[in-house]
Each structure stands twice: as structure tokens, then as C-alpha cells.
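Both ligands and their constituent atoms are indexed starting at 1 by order of listing. The first residue in the sequence is number 1, and the count goes up from there.
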Amino acid sequence: MEARHDVLIVGAGCAGMRAAIEAFDAGADVALLSKIHPVRSHSGAAEGGINAALGNASEDDPETHAYDTVKGSDYLGDQDAIQILCDEAPDDVYQLENWGAVFSRTEDGRIAQRPFGAAGAPRTAYAADITGHVLVHVLYEQVMKRQIPAYEEYFAWKLVMDDDRCQGVIAWDLLNGGLKSIGAKTVILATGGAGRLYVGTTNAYSCTGDGMALALRVGVALKDMEMMQFHPTTLSPTGVLITEGTRGEGAYLLNSEGDRFLERYAPNAMELASRDVISRAEQTEIDEGRGIDGNVVLDLRHLGADRILERLHGTRELAMTFAGVDPIYELLPVRPGAHYHMGGVDTDVWGLTSVEGLYAAGECACVSVHGANRLGGNALMETIRRPCRGLGALEHDRRGPAVHRGRRGARAQGAPRP
Ligand SMILES: Cc1cc2nc3c(=O)[nH]c(=O)nc-3n(C[C@H](O)[C@H](O)[C@H](O)COP(=O)(O)OP(=O)(O)OC[C@H]3O[C@@H](n4cnc5c(N)ncnc54)[C@H](O)[C@@H]3O)c2cc1C
């Protein structure tokens, strides 16, 4: 092997960088490897926000968050995993804030939370409509601060197996050419989604499901691969995402007859129904001839220029750049598009796969906390949740954040090094 580490993380989006920070703080020699520069990872495209029951905007608690997530998953999510995710979420958001994430605020200075689809309370903490961009940069700062090395522009194409366990990665050096073999006691796959399987998608060209393929080739099962989420508001014609935050702020969906057609499909939740419900409703309207050039339209005009400029300025820029329309004055043409892969590398709640030494985290993994349908804002939270077992630092205590908080950054006595 040309290089060796305790922990090698393939992928440097939110999931990869968060895992690197945790492993480093646990005392491991850790390195990141990414086919693109870390801050160009697709996590940076996340707009709407990250879910945690902070209860800042109205009453909320992790139990309600878990209930909404189980229901939103069409009851197919792993309820133990969901409970852990929702219990730990508030502490993880405060951790991000302490690291410097500039979340939008309420009038009295607390972290603001917006309503998202199928959430029982306004639960989505956000930084305007550039949440992913903010989180990627905050995590990268933490990676830099710890001087965690990153193999940038290295394409992982094979896992090294020996003695029935994963021992490292063989990667292609995209800048200089040639192969590099990197040994590791623990390999964590954090390679993101596979949206590029579809023609119409919100995903970047880098989202090609590489980690899933790497795991499958060494015999790890992929789970829930049929569960692909279609987002109801992708901008026509490019597929660029128009965040659910627009509907959280009060935007309407209209058909060619000017009707808020969701009255017929989801009369209570309307534009805040879950994504699968709205996507199917849109496609039905389009198929039955009430679309406009294969789209429906999203109306933000009644929100007013001030609110759009303050909270949705990124959306406005995207709309003007990619569709030539200004949402302050005009309707946005939108349609459903492939957005998020609920399926992925089969792991337990700590990210461990069936192969010793091989873990997976973030969108490429499937615990599953999303079941058949992910709630908006839960994916970023899943990437931020700290992977524990195998990193050797944190006990597997599920009693909640307080237990972990005391040990953050410390190596638990007697815990084995990875
Ligand atoms: C447009 C958009 C908006 C979204 N908005 C939200 C939102 O508001 N809230 C929310 O919760 N979720 C949102 N999501 C979902 C969420 O952003 C993603 O699920 C999450 O960011 C994925 O993070 P990740 O770290 O798993 O993967 P990524 O951020 O995609 O990172 C993958 C990493 O793996 C690397 N990689 C991949 N293959 C290889 C390889 N073969 N070799 C080496 N490196 C490799 C890449 O270089 C990259 O560094 C959104 C998704 C999209 C597409």
C-alpha cells in the first residue's frame, strides 16, 4: 500500500466530512478521498434546511419528529433508527451552530424554523435557501482546522478485501493519472446519491451511485433500491431544484386552469403534503391535459418582493438564470424529477455493513430512516448524525444527546482504536 490510515472516508460531502471530524476527534488517523473538491460536493446544493425538533417556531419534540418521519416513510422506515435520528437532531444542529453555521433567526434571535412537507410543526432550520452551501463550508473549516488530509480528485473504483475484511481502496488519480492504493483499517463510504440514473433529476453529474456499486461488488447487499424520491418542484427545462422552502413560505401550485389542484388530492396539507403525493398529483394533472408544456406552475408572487429577496434569493437567482423568469413577477414552470435515493448500502444504525471494516453513511447508505419516502430536511440531518461504532470512541448508548455530549471529542476509556 502506498499510504495507510486508520480511517479512510470515500466522499467529502456533509456525511464524509462529518464522519472525518468525528473519527479525528476520537483519536484516529483519518483521511478523506473525493473525486471532486470537498466543497463542490453535492451537499452544497441543498437549499431548504435541516430538521430538528428545536421547538423554536412552535411546540415540537423529537417524538413528534419521529412520528412524522415514520408516517412519511409510509411506515417502511426502521423505527429504532428514526428514533435515534430524531432524538439526536437538536444537539447536532446546536453543534453546527457552535461551529459557525449562520442559521436564519427568529425576531427574538433563536434559530428560525420553516414548515416543510408532512411535518407536524415548523421544524426545518435553515440558512436562507443556501443551507447545504453553509453546512459544507462550516464542515470544511472544521476539517481544515484539524488538518485532516484529503485526497482530492481521486476516483475510488475498488475496495481492497483481505482476510474477509475491507482493508482499503484503490483509486484513480484524476489529476495526474495512475492508480493509488490506500490502506485503512476502516473504510467509510459517503459517496452520495445516484440521481443521474434518471434523465430528469435535481442531482449533479457527480451523483452516480459509485459507493453503492463498490459495496455491491464486495458482496454487501443494497436495500430499498426501488425507493426513488421524485421532487415535485424541479425547474423546467433543466431539472434544477426549486426548494420546498418556497411552499413552506406559502407558494401555490397551479394548473393550466389556474386551479390550486392540490385541493383535490391533499385538501388539508395542500402544498405541504409529502413529496410523493404532490409529485403524483402534478403528473396526473399533466397527463390529463391540465399542464402547460409538460409542467404545472409555482406561484410566489403573493409572497412579495421583500420576503422573496430575504428568504428565497437563491431560488430567484436560479429561476432567472435557468428559466429566464423572475418569481417576484412571474410563474415558475415546474414538474416532478428524480431527487433522492432512499435506498443504498445496507447498514445497521451505526453505519456498519455486513463486511467487517466497511461502513456507509449519508445518501449512499440505507439504514433505513426514510423508508419509502424521505421527508424534506431529514437527509441533511442523516448526514450530520455522528457515526459511532467502529470509530472506537463513543459507546453505543442510545439514551440521547446528553450522553454523547459529555464525551464529544474524547476517546472513551478502554475503547479500542479503529
Ligand atoms: C438540489 C438538492 C437539494 C437538496 N436539499 C435538501 C435540503 O434542503 N434538506 C435536506 O435534508 N436534504 C436536501 N437534499 C438531499 C441532501 O442534500 C443529500 O442527500 C445530502 O447532502 C447527501 O450528502 P452526502 O454527503 O451523502 O453526499 P454528497 O454531498 O453528494 O457527497 C458525495 C461525495 O462523494 C464523493 N464521491 C462520489 N463517488 C466517488 C468516487 N467514486 N470516488 C471518490 N469520491 C467519490 C463526491 O466527490 C462527494 O465528495 C437535497 C438534494 C438535492 C439534489
Side-chain angles (χ1 to χ4, degrees), residues 8-20 32-52 89 114 116-117 123-136 139-140 150-159 169-174 182 188-196 201-214 229 231 233-235 238-245 248 275 314-315 318 337-342 344-345 360-365 369-370 374-385:
L8 178 65
I9 299 164
V10 182
C14 280
M17 289 197 283
R18 185 65 189 86
L32 286 156
L33 182 143
S34 176
K35 64 184 179 183
I36 52 179
H37 187 278
V39 299
R40 293 190 61 223
S41 298
H42 200 54
S43 290
E47 301 171 14
I50 178 167
N51 287 347
R114 57 171 43 129
F116 249 39
R123 183 180 297 137
T124 307
Y126 59 96
D129 52 4
I130 53 166
T131 313
H133 178 83
V134 167
L135 298 190
V136 159
L139 292 171
Y140 190 59
Y151 299 94
E152 281 164 22
E153 303 195 19
Y154 278 84
F155 184 97
W157 69 275
K158 197 164 186 187
L159 297 173
V169 168
I170 298 176
W172 179 253
D173 180 345
L174 295 171
I182 305 164
I188 304 177
L189 298 171
T191 50
R196 279 284 147 186
T201 178
T202 58
N203 284 200
Y205 286 103
S206 58
C207 300
T208 44
D210 304 5
M212 301 176 200
L214 287 168
Q229 176 169 82
H231 195 289
T233 53
T234 75
L235 190 64
T238 55
V240 167
L241 181 86
I242 298 299
T243 173
E244 191 163 323
R275 293 173 174 179
T315 300
L318 288 175
H339 181 56
Y340 182 86
H341 212 152
M342 274 77 71
V345 181
E363 190 169 341
C364 81
V369 286
H370 308 299
R374 170 182 74 94
L375 296 192
N378 270 356
L380 281 181
M381 178 43 68
E382 189 188 10
T383 66
I384 294 306
R385 193 199 157 240

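- Both the backbone and the side chain of Glu363 come within 4.0 Å of ligand 1, counting heavy atoms alone.
- Looking at ligand 1, you'll find an N or O of Leu380 within less than 3.5 Å of one of its N or O atoms.
- With hydrogens and angles disregarded, no donor-acceptor distance shorter than 3.5 Å links the side chain of Asn203 to the backbone of Tyr340.
- The proximity of Leu241 to ligand 1, defined as any non-hydrogen pair under 4.0 Å, is limited to the side chain.
- The atoms of ligand 1 that sit less than 4.0 Å from any heavy atom of Ala379 are 11 (O), 12 (N), 15 (C), 16 (C), 19 (O).
- Residue-ligand proximity: Ala190 is placed with a non-hydrogen atom under 4.0 Å from ligand 1.
- By the criterion of a heavy-atom distance under 4.0 Å, the backbone of Asn378, and not its side chain, is placed next to ligand 1.
- For the ligand labelled ligand 1, residue Cys14 lies inside the 4.0 Å heavy-atom shell.
- Counting heavy atoms under 4.0 Å from ligand 1, residue Trp157 does not touch it at all.
- In this structure, Ser206 has no heavy atom closer than 4.0 Å to ligand 1.
- Between atom 34 (O) of ligand 1 and the options Gly11, Cys207, Gly132, the minimum heavy-atom separation is to Gly11.
- Using a non-hydrogen distance threshold of 4.0 Å, Ala12 registers as a contact of ligand 1.
- Not close to ligand 1: Ile50, with no non-hydrogen atom less than 4.0 angstrom away.
- Across the listed options Gly209, Ser34, Ala46, Ala46 owns the non-hydrogen atom lying nearest to atom 17 (O) of ligand 1.
- Comparing Arg374, His370, His37 against atom 14 (N) of ligand 1, the shortest heavy-atom distance belongs to Arg374.
- For the residues Glu382, His231, His339, the heavy atom positioned nearest atom 52 (C) of ligand 1 is part of His339.
- Close to ligand 1: Asn203, with a non-hydrogen atom less than 4.0 angstrom away.
- Contact annotation: for Ala204 versus ligand 1, there are no heavy atoms closer than 4.0 Å.
- The heavy atom nearest to atom 20 (C) of ligand 1, considering only Ala150, Ala361, Ala15, Ser43, is found in Ser43.
- For atom 53 (C) of ligand 1, the nearest non-hydrogen atom from the set Glu152, Met17, His42, Gln229 belongs to His42.
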